[in-house]
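Report on the structure given below.
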Amino acid sequence: MTAGALKRSSDNFSHHRGGAKRRNVRTDRDGDLVMDGPKRDRVGKTTGPGRARGGGINTAALQREVLKHVASDSSQGGPIRAAKSRPTPQGHLVELKVTGWTNSKASTQDDRGVSSLIGFLERHASKRGSLFTQKGRNPAHTTRIKKSKVEGDVLFIYVPTEEVSAYAKVDGFVFAGKNIKIEGASIRAKSSPNRQTSPEPANDVKELFQDFLSSRYNLETKVLDLSALGTDAKLNSVGMFNTTSTQSKFFPALMKICDAQFKTAQEKKETIQSVALAGNELSNITAVTTLAQTFPDLQNLDLSGNKFDSLNCLIGWKNKFRYLEHLVLSNNPLEQLQPGWETEILQWYPRLRLLNGVQVRTEEEVAERNKPKKAPLPILGPNFQDEAQIAETFITSFFAGFDTDRSALVNMYYDTDSNFSLNVNTHAMRDPIQQMGHKTQGWDAYIRLSRNLKHLNNPGPRAARKFQGPDEIRKVWTQLPATRHPNLITDQQKWSIDCQHQPGVPDPSGQCPTGVGGFLITVHGEYEELDTTNGKATKHRSFDRTFILGPGGPSGVKVVSDLWTVRAYGGYVAWKPEGLQQHPPQQETPKNLAEEISRITSMNIMYSRMCLAENGGDVQKALAAFEAAKANLPQDAFV
Amino acid sequence: MARFDQHMLTTVSGEAAENFVDAYYTALQGSRHTISSYYCPHEVQTDGKVVPAIIWNGNLLPDVGSFQKMFENDMPYTHYDVQSLDCHVLNPTSLAADKVQGGSGAEDKDIERRMSIVVAVSGSVRLEEPQKGPLRGFSETFVLVPNPEKAVGKGPKAEKKGWLVQNQNFRYTV
């Protein structure tokens, strides 16, 4: 089943195919492992809904649990064989019993093939240290059988304690055409539960898992093959799937131990690129859901030959595996039961190129799909719908006045019904270019005045931090740090100023209670705080400021509402117009384009710029707009 | 404005702003087909000006329908995190006294149903995909006006949205 699915896979999954093949070879040699053999209880089968485990994995508890069941199984089940090996007189050496070799093709040799067998054992044990470390990468590590003797059909070998597990892995291998059997006091037999109480149970299970992972991992192809777990002889020999309790805990614990093998996420990503969970009788992913946490960067995943009958069975993995390139879901009921599943699953994985070995996206499509997305509309420059330069005049005099003479500014633009408040956005994003890190911002000068309704819940402080009328506003402005804003003309890129018509602003004459026409002005920019004793800049801030302008005040224009948001410096690239980038042939800078418009139309540079910005930086459109509107433009618009 | 109950103005406007912002940004993320319901009806005023007016990163949208379509069809995943919020009462008598459904009709009454509110929001928005997508800073200003359809008291008409967007300006700021 698995092999079939993988055969259809294209080159991308060749790693995986290699892995499966390799394991198949070994499986074939190993009489205990039959991939498509009769199914026993499986990981997925008895793990119904409600067995899902939330939270983290308690490995220690799991190990106790697993051991408890393993122990009870052996006491209830088959006969416990007494260990036939005896403590070795050599102290550090452990005696292992090798059988099943006597009728091998090598038995015609003078020594009945014993020296060949010893060489075979040494060679294979040397390759099998613990997972990912000794194996493959450091093949120099070799193990030697220190001593051996033959008694009838039994070869006794004596090896150092720390190498026993490596020899245990050779159990079941084919030597010259015959399956050999390796037994010993510290080896759990594959074919029958034969355990003794271990002094360190935790390490015992951990070692079992590590050995298991090692046997299922292929270094060259970077595949971790967790297919057909339910038929794994080693796992079954310790009763791993005999109870639902150990079943549900097996996979999370395996993932935990797997995770512990790696120091960094990068190392993990590079070491394990593919995982196969084929042929596990999974009807949902509850039992194996932790795979997504352990291997978020997985490139290839084989889920073929399971019992998924709809994509809902996999919903927990939707939008996980952001780097998944190849997914195999063949031989699952959903192929028949959920028409159109291919289309949906494409939406789940943005980099998916191959589905069941069939190309579903080209590399170009994947690249296109995953490049930073453009906003549906381009970022444009100022949208400034002024009338008779009212808003422009206000902005120009406001920020100059705020920096130099706040008291005079209050007198000019604020009356008894004017409202002012400021709020501090202490969580605002910082300038991504400058990467100033988490430098302390120091909001002391503002925070007691901050009217951030996200944090200020009581009506009392809400009322107290809104200032109304020239006296209150003047008073609070004098408490705030001295400021220096950038020049509106020469540093115009540091500003974003939009202006739109605002109906319904209060009519000071009282003639029209529902209000008259005014302006809504939204300003984004930056300023420096100044030390008034020496005029030096101390802090660099960004701000957003909303003004509602209406009729009134000595100049005829008053501020109805002034809402000031202060935040950490966030730069000014966010509002850089994208309009020009849509016209690659135009090489001119916006300034030059505005000058060009000014030259043709005789409008002043400010108006030329606004005209250009309102038309998305397109000179032709700007000129057309000028022609349409020139009769209505004020005298001040021209040079 | 001093002639009105300042405590009431502060309380009502603050709650209205909070409720609006919670619901509105949730709709932008998860129920984009409802976006239009947050806006006042399209209207060309006597001076030729159009409400509601929506400016999005410098683009003036022709109407709410286009704005909703932009979100429904072209906008990737968005998750807005409002980090700061402030508001002022703009005009306490924005809705004429006789237009308040179930109101007294008196010029100085039912102010809690008649005020317009200017709301300033600053925050961040996660784009494209949860947790991993690019994060942008944003600033947005709304002018909310009373919904004349909403009745005083109880009943289905009293359940309608209290305030609707009349004017809006959105900018990425970081």
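Below, chain A is the first sequence line, B the second, and so on; all start at residue 1.
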- Task: Determine the interplanar angle of the B/Y25 and B/Y80 rings, folded into 0 to 90°, and report it as parallel if under 30°, tilted if 30 to 60°, perpendicular if over 60°.
- Result: tilted
- Task: Check the angle between the aromatic planes of A/W443 and A/Y446 and answer parallel, tilted or perpendicular using the 30° and 60° thresholds.
- Result: perpendicular
- Query: How would you list, in number order, the residues of residues 543-551 of chain A that have a heavy atom less than 4.5 Å from chain B?
  - Reply: A/D544, A/T546, A/I548
- Under a 4.5 Å heavy-atom cutoff, which of A/K454, A/Q500, A/R567 has the most pairs with chain B? A/Q500
- chain B contacts, top residue of A/P503, A/G517, A/G504, A/G518 (heavy-atom pairs, under 4.5 Å): A/P503
- Does anything in residues 61-73 of chain B get under 4.5 Å of chain A by heavy atoms, and if so which residues? B/L61, B/M70
Please classify the contact between [X] and chain B as side chain, backbone, both or neither, with a heavy-atom cut-off of under 4.5 Å.
X: A/H524; answer: side chain
X: A/S421; answer: both
X: A/D507; answer: neither
X: A/P382; answer: backbone
X: A/T565; answer: side chain
X: A/F420; answer: backbone

Between chain A and each of [options], count heavy-atom pairs under 4.5 Å; write down the option with the most.
options: B/T141, B/T10, B/I55, B/T11; value: B/I55
options: B/L135, B/L95, B/V51; value: B/L135
options: B/L85, B/T93, B/V118; value: B/L85

- Query: Given B/F138, which of B/W56, B/Y172, B/F170 fulfils the ring pair (Phe, Tyr, Trp, His ring centres under 6.0 Å) condition?
  - Reply: B/F170
- Give a yes or no on whether the backbone of A/L453 and the side-chain of A/R462 come within a donor-acceptor separation of less than 3.5 Å. yes
- Are the charged groups of B/D81 and B/R126 less than 4.0 angstrom apart, N to O? no
